[in-house]
J.: 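Next up is a structure, given as structure tokens.
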There are 2 protein chains.
Amino acid sequence: MSTPNWTLAERAHKMNPSAIREILKVTEKPGIISFAGGLPSPKTFPIEAFAEASAKVLREDGAAALQYASSEGLPVLREFIAQQLPWDVSPDQVLITTGSQQGLDLVAKILIDRGSRILVETPTYLGALQAFTPMEPRVANIACDAEGPDPADLARQAAGDGSAADRARFVYLLPNFQNPTGRTMSDARRQALAESALAAGLPVIEDNPYGDLWFDAPPPAPLAARAPDNTLYLGSFSKVLAPGLRLGYLVAPKSLYPKLLQAKQAADLHTPTFNQRMVAEVIKDGFLDTHVPKIRALYKAQCEAMLAALTREFAGLGVEWNRPVGGMFLWLRLPAGLDSVKLLPLAVENNVAFVPGAPFYADGGDPRTLRLSFVTASVEQINIGVAALAKTLRQALA
Amino acid sequence: MSTPNWTLAERAHKMNPSAIREILKVTEKPGIISFAGGLPSPKTFPIEAFAEASAKVLREDGAAALQYASSEGLPVLREFIAQQLPWDVSPDQVLITTGSQQGLDLVAKILIDRGSRILVETPTYLGALQAFTPMEPRVANIACDAEGPDPADLARQAAGDGSAADRARFVYLLPNFQNPTGRTMSDARRQALAESALAAGLPVIEDNPYGDLWFDAPPPAPLAARAPDNTLYLGSFSKVLAPGLRLGYLVAPKSLYPKLLQAKQAADLHTPTFNQRMVAEVIKDGFLDTHVPKIRALYKAQCEAMLAALTREFAGLGVEWNRPVGGMFLWLRLPAGLDSVKLLPLAVENNVAFVPGAPFYADGGDPRTLRLSFVTASVEQINIGVAALAKTLRQALA
């Protein structure tokens, strides 16, 4: 079909389909065991609690729950979020978003000009790169180790070539159980990063979708708690309640809030009223205090099952992996000479799927890496799937 | 609080709080009768049907209803939308959006470069101006009469100064019961506009949130039905079911769909799954065929009540108004010398509120105009409120 009249914006040419989405199409095969997706376990969705809450909200206040509402979000939800965060946050700083992905879109709109430099971890969350791309930034990788970004490299790269135009607009960081690597920043690393960013005049975007999903101990205090005026914090109900409601939030320095609010209003007027009311009803009497520990226990058991299976099945294959202390993902590195993108079709033939690591790098990436989710498949499937992965590797190495 | 490190994008400086939102703050006063807001009547919300649907969706398919879902939207909803539109639409062309406001945001992202010229009606929907502004277009008004835009002026303005850079990227049109004026384009005007746009190589964005709310006869066929490849169409469930679910849709020429989908994915991953399932459940057995006529009857009665009150109370005051054939709004023009922005505080003192017309003009505007909603207040309130408005006018003219 020819459509000669439509002229795309230049930014549209830079936008691309999610590489992972394309990869996942390859893995759509009946009976396959998938470690590829980033889906929370549906076992953790409190369906009964939602059923009660939706009935109650519609019965007691249906007209308000179905009407237009304020762009800032439901006051009771903003208060809940402000109260449960471990630093001094006013409800006025909380903006309810249509999932935390929308928070990234709003951040990009108000902070990125075409050509602005921004800094990200190596590797980083693909959805953030997708949210930032339409505003046409130049994206630079910070050197990272198993604890996350190197504070010295962060300070070096913040300044760019020294010109005002090259000064990075922000650094995007995921301190807890990072997607894709599952790594967590230590307390010392967080402190060093917060101080290094502050000294370099570099604002921080802190994304924390997984922070509640710790196994044995809560993670160290967020970066926002260490430098509140220098940090814009993103949170989500997707991993502790359910992602299908698309409910997230931003916590912003007060000076930034009005612009974020204007961007939110322009983007979708407000986050669905009904969803906000339903979640407020579910969580109001301490529900998360008993619910979230169940998710932690489940995910910890699944992570341990996957680590045990890797130890058992991958012995002698030369594969390295990490031991996450929370979250949903672990990160593997194949032996030299292998490429996880090329390995995937062979894995799919053996009825198991993963996500190659390369798409998570802003600029190139290590072809030997791959991400495994340990939360969507059952323990039995984990055992079968990891064995199938080991078989795949032996075939590739043969 | 000083935040020296944050540098706003240039586009952020162009974003502004909604003028109407600021105006509405003036009108927040207990006991006031407000014709100002654009809120559907909560009497029309099918609360019982939503309660049954949400219970059923959670009981029968709760895990799927609460999980991540595809960016395109729920297949059964896309099929429903494609089928009920009065031209040949494939479900593959339908993108479910988080309210039709998000559709405008996606359109802006993929079609507007900084400095691109776009054309709008005089006056036009304020939310569209807000959605377009962050992408930094130059906005031009097309000359309009009681039937909408002048096709000859549209053709003239499409070309701009004749350079490629000045050629308008699109024209944004609201053919049915337009917000803010309540006016409707005749069949002949639609045909002339569709042909004029096609001949000028000018794509059309057609926004139709109110089209189902006709009083006596359905409006003429949409512009999209007359030039499908040249038209991107936006629709919404906000006015026929409930706005608090934020459920809208785009219907795009097939060549544009992939870029809209990528923009959607980057913006919020997908529209809330639960809301899509709930609405699909409510509408599946012809619910709208019996529900929407009730809304039409209610709004027609309310519109007639307001017209009768205006005729009765405004006699001899020199005010002009139109007779909408559907929708939620009517449009007034005050006698020469009056300014509706200045009149508002006096009206609020008399316990009645409206929205001044000026903010709806992309560039200046007629200070004598104002918008009245006839759907939120009851008939009794309409009678009292219009009398209070007449009293206000007499005070201003004295």
Side-chain angles (χ1 to χ4, degrees), chain A residues 1 3 5-12 15-18 39 42 45 47 50-51 54-55 58 62-63 65-69 98-99 101-102 105 109-113 130-131 134 169 201-203 229-230 242-246 253-256 259 262-263 265-269 272-275, chain B residues 1 3 5-12 15-18 39 42 45 47 50-51 54-55 58 62-63 65-69 98-99 101-102 105 109-113 130-131 134 169 201-203 229-230 242-246 253-256 259 262-263 265-269 272-275:
Chain A
M1 185 184 302
T3 54
N5 298 335
W6 298 94
T7 302
L8 288 176
E10 287 183 39
R11 81 178 62 77
M15 290 156 43
N16 282 304
S18 160
L39 307 183
F45 300 161
I47 296 175
F50 280 125
S54 71
L58 287 170
L66 295 169
Q67 188 55 283
Y68 284 117
T98 309
Q101 182 74 21
Q102 185 184 53
D105 173 71
K109 276 181 178 147
I110 75 152
L111 294 177
I112 301 176
D113 281 306
Q130 280 187 285
R169 289 290 171 93
L202 176 69
D229 290 352
N230 200 45
L245 300 174
R246 311 305 305 121
K254 284 180 182 169
S255 65
L256 285 182
K259 284 294 165 197
Q262 290 160 24
Q265 236 182 319
D268 65 0
L269 300 183
T273 324
F274 183 65
N275 306 32
Chain B
M1 181 184 305
T3 53
N5 297 335
W6 298 94
T7 301
L8 288 177
E10 286 183 41
R11 81 178 63 77
M15 289 156 44
N16 282 303
S18 160
L39 307 184
F45 300 162
I47 297 177
F50 280 124
S54 72
L58 288 169
L66 296 167
Q67 186 58 282
Y68 284 117
T98 308
Q101 182 74 21
Q102 183 182 56
D105 174 71
K109 277 179 178 150
I110 75 151
L111 294 178
I112 301 176
D113 281 307
Q130 281 187 286
R169 290 291 172 92
L202 176 69
D229 289 353
N230 199 46
L245 300 174
R246 311 303 306 119
K254 284 178 182 170
S255 65
L256 285 182
K259 283 295 164 196
Q262 290 159 26
Q265 238 182 316
D268 66 358
L269 300 183
T273 324
F274 183 65
N275 306 32

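Proteins get letters first, then strands, A, B, ... in listed order; numbering begins at 1 in each. All values reported here derive from a predicted model rather than from experimental measurement.
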J.: Using 0.5 Å steps for rounding, measure from the CD atom of A:Gln102 to the CD atom of B:Gln102.
T.: 7.5 Å

J.: List the residues meeting side-chain contact (heavy atoms from CB on, under 4.5 Å) with A:Leu8, not counting sequence neighbours, and say none if there are none.
T.: A:Ala12, A:His13, B:Ile110, B:Leu111, B:Leu256, B:Lys259

J.: Can you tell me if A:Arg11 uses its side chain to pair, donor with acceptor, with the backbone of B:Ile112 under 3.5 Å?
T.: yes

J.: For B:Leu58 and A:Phe50, work out which heavy atoms get closest and say how close.
T.: CD1-C, 3.8 Å

J.: I need the A:Asn275 CG to B:Asn275 CG distance, nearest 0.5 Å.
T.: 4.0 Å

J.: Looking at B:Gln101 and A:Asp268, what are the two nearest heavy atoms and their distance?
T.: CG-CA, 3.8 Å

J.: In terms of heavy-atom pairs under 4.5 Å with chain B, which of A:Gln130, A:Arg169, A:Gln67 leads?
T.: A:Gln67

J.: I need the residue from B:Leu269, B:Leu66, B:Asp113 with the largest number of non-hydrogen atom pairs under 4.5 Å to chain A.
T.: B:Leu66

J.: Can you tell me which of B:Ala242, B:Pro42, B:Pro243 forms the most heavy-atom pairs within a distance under 4.5 Å of chain A?
T.: B:Pro243

J.: How about A:Asn5 and B:Leu202: do any of their side-chain heavy atoms sit closer than 4.5 Å?
T.: no

J.: Would you name the heavy atoms of B:Ala131 and A:Ala266 that are closest together and state the gap between them?
T.: CB-O, 3.8 Å

J.: How many angstroms lie between NZ in B:Lys109 and CG in A:Asp105, if you round to the nearest 0.5 Å?
T.: 3.5 Å

J.: Over all heavy atoms of both residues, which pair between A:Ile47 and B:Ala63 is shortest? Give the atoms and the distance, please.
T.: CD1-N, 3.6 Å

J.: Report which part of A:Ala69 has an atom under 4.5 Å of a heavy atom belonging to chain B: side chain, backbone, both, or neither.
T.: neither

J.: Please determine whether side-chain contact (heavy atoms from CB on, under 4.5 Å) holds for the pair B:Gln265 and A:Met15, giving the CA-CA distance in whole Å, both sets of side-chain angles, and the decisive distance to 0.1 Å.
T.: CA-CA 10 Å; B:Gln265 238 182 316; A:Met15 290 156 43; over 6 Å; no

